[in-house]
There are 2 protein chains.
Amino acid sequence: MDPAVVGRRVRALREERGISLSTLARLAGVGKATLSGLEHGTRNPTLETLWAVTAQLGVPFTALLAEPTAGPTAHGTAVTATLLEVFTDTDATYELYRMRVAPGPVQLSPAHQPGVTEHITVFAGVLRAGPADAPLTAPAGGHLRWVSDVPHTYAAVGDEEVTASLLLRYPRR
Amino acid sequence: MDPAVVGRRVRALREERGISLSTLARLAGVGKATLSGLEHGTRNPTLETLWAVTAQLGVPFTALLAEPTAGPTAHGTAVTATLLEVFTDTDATYELYRMRVAPGPVQLSPAHQPGVTEHITVFAGVLRAGPADAPLTAPAGGHLRWVSDVPHTYAAVGDEEVTASLLLRYPRR
DNA sequence: CCCGAGTGTTCCGTTTACGGAACAACAGTG
DNA sequence: CACTGTTGTTCCGTAAACGGAACACTCGGG
């Protein structure tokens with residue numbers, strides 16, 4: 001992860017709010033040198049520092065560390081999935097991904113454990129996905145859902161890249 | 001933010017994967033002392049350190065800093081929404097929330113800007129939501145979508161709390 | 001022109017997070 | 001029993017993140 005990226009975002013968020021470096025430093029309770037160094041990417045900020053600054057900006061960490069999350073980039077070439085969140089409830093564990101499917105060949109994914117379901121919301125493009133023997137199609141705004149304990153496929157229909165959110169539900173065994 | 005909380009989660013995630021402190025430290029390229037102190041909450045870890053460890057665990061920061069994210073907890077009493085992610089594409093900005101709707105009175109939410117759409121995936125419970133004059137109903141696993149430039153409502157059907165993911169799409173003006 | 005109030009950067013002494021090594025405790029050998 | 005390989009914790013010198021102060025700079029007034 002590049003600290004310069006984080007720095008640029010902090011600076012952008014600050015200027016977006018029209019607040020000066022000096023005042024943000026004072027509000028967040030950190031030194032001006034610290035904030036300056038942070039925005040320039042010349043420092044390697046502490047959790048405490050980042051927390052203080054982002055809290056003052058009213059922004060979760062996620063907004064700073066969004067897209068370069070080197071999460072488990074998915075299995076193959078066409079599909080890129082970034083793990084956004086994992087939350088555990090009493091009866092299941094959920095993994096929420098942001099997914100991109102590049103136009104091109106169909107992407108085959110192996111089966112998961114029994115009972116696992118996938119929920120996909122398509123935001124842009126047209127996605128054809130689901131069980132390998134009976135895939136479903138959804139346009140932008142559409143939603144797909146299937147039990148993923150069988151091999152399944154992902155493919156972008158047309159030449160537009162597909163953006164979607166993927167939710168995996170693992171029932172508690 | 002309490003560093004002890006982060007520490008406990010790191011330890012939980014590590015043990016969940018059945019991997020020892022020593023090996024995780026080696027894999028992540030950090031000192032054992034660093035990781036030990038981090039898990040105990042006696043240190044104030046650096047962005048670089050956190051990044052190395054979470055990347056090795058295959059978990060985004062979000063998973064560590066999940067629920068105490070004092071993000072914009074939603075409008076009223078029945079609905080609690082936590083901002084998980086913000087990502088900006090060329091044509092729109094997305095805000096992804098994890099939403100909980102407590103059983104009880106209907107929650108009314110004011111209209112957003114024109115063109116904003118909401119996408120909801122229900123994970124648990126039964127949700128009745130949508131435009132105030134024509135709400136829709138979705139059970140667990142269901143999906144709702146509507147244009148939210150009119151006042152809209154959220155309500156849990158039955159006495160089970162609703163868990164859902166809410167995605168707001170703001171088209172670029 | 002000078003002055004005060006603001007901007008953001010740089011300098012610097014103190015604090016502390018860092019990794020390597022040494023450590024005690026335990027497990028499975030021969 | 002000793003030996004070897006673990007486990008995680010603690011010690012410690014070094015590197016660096018920290019906040020405060022000093023700095024150069026740009027505005028707007030008197």
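Please read these numbers as outputs of a predicted model, since none were measured by experiment. Each chain gets a letter, A, B and so on, in the order its sequence line appears, and its residues count up from 1.
Dashed line: the shortest gap from a side-chain N or O of B/R14 to OP1 or OP2 of D/dG8 is under 4.0 Å. OP1 or OP2 of C/dC18 sits under 4.0 Å from a side-chain N or O of B/T46.
Of the candidate nucleotides C/dG8, D/dG8, C/dC18, C/dG8 has the atom nearest to the side chain of A/R11. Taking every side-chain heavy atom of A/A33 into account, C/dC11 is the closest of D/dA17, C/dC11, D/dT9. For A/S22, the side-chain atoms get nearest to C/dG8 when compared with the rest of C/dG8, C/dC18, D/dC18. Of all nucleotides listed (C/dT10, C/dT9, D/dG8), C/dT9 comes nearest to the side chain of A/H40. Candidate nucleotides C/dG8, D/dT9, C/dC18 were compared by shortest atom distance to the side chain of B/L21, and D/dT9 ranks first. If you check C/dC18, D/dC18, C/dG19 against the side chain of A/R43, the one that comes closest is D/dC18. Among the nucleotides C/dG8, D/dT9, D/dC18, the one closest to the side chain of B/S36 is D/dT9.
The distance between atom CZ of B/R26 and atom P of C/dG20, rounded to the nearest whole Å, is 13 Å. Distance B/L24 CG to C/dG19 P: 12 Å, rounded to the nearest Å. Atom CG of A/L50 and atom C1' of C/dA17 are 15 Å apart (whole Å). Regarding A/L47, its CG atom lies at a distance of 11 Å from the P atom of C/dA17, rounded to whole Å. Spacing between atom CG of A/L35 and atom C1' of C/dT10 amounts to 15 Å, rounded to whole angstrom units. The separation between A/E15 atom CD and C/dT7 atom P is 13 Å, rounded to whole Å.
Within 4.0 Å of A/T34, counting heavy atoms only, lies at least one base atom of the nucleic acid.
Side-chain N or O atoms of B/N44 include one that pairs as donor or acceptor with a backbone N or O of A/E48 at under 3.5 Å.
Nucleotides of DNA chain C nearest to B/K32 and B/N44 differ in position, and the one nearer the 5' end is that of B/N44. The 5' end of DNA chain D is approached more closely, in terms of each residue's nearest nucleotide, by B/T23 than by the other of B/T23 and B/E48.
When all heavy atoms of B/R43 and B/L38 are compared, the pair lying nearest together is CB-N, 4.4 Å.
If you take OH on B/Y154 and CE on B/M99, they are separated by 6.0 Å, rounding to the nearest 0.5 Å.
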* Quick one: do A/L127 and A/T137 satisfy side-chain contact (heavy atoms from CB on, under 4.5 Å)? Show the steps, please. => CA-CA 6 Å; A/L127 178 70; A/T137 304; over 6 Å; no
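Ion pair A/E39/A/R14 flagged as a salt bridge, since at least one NZ, NE, NH1 or NH2 atom sits closer than 4.0 Å to an Asp/Glu carboxylate oxygen.
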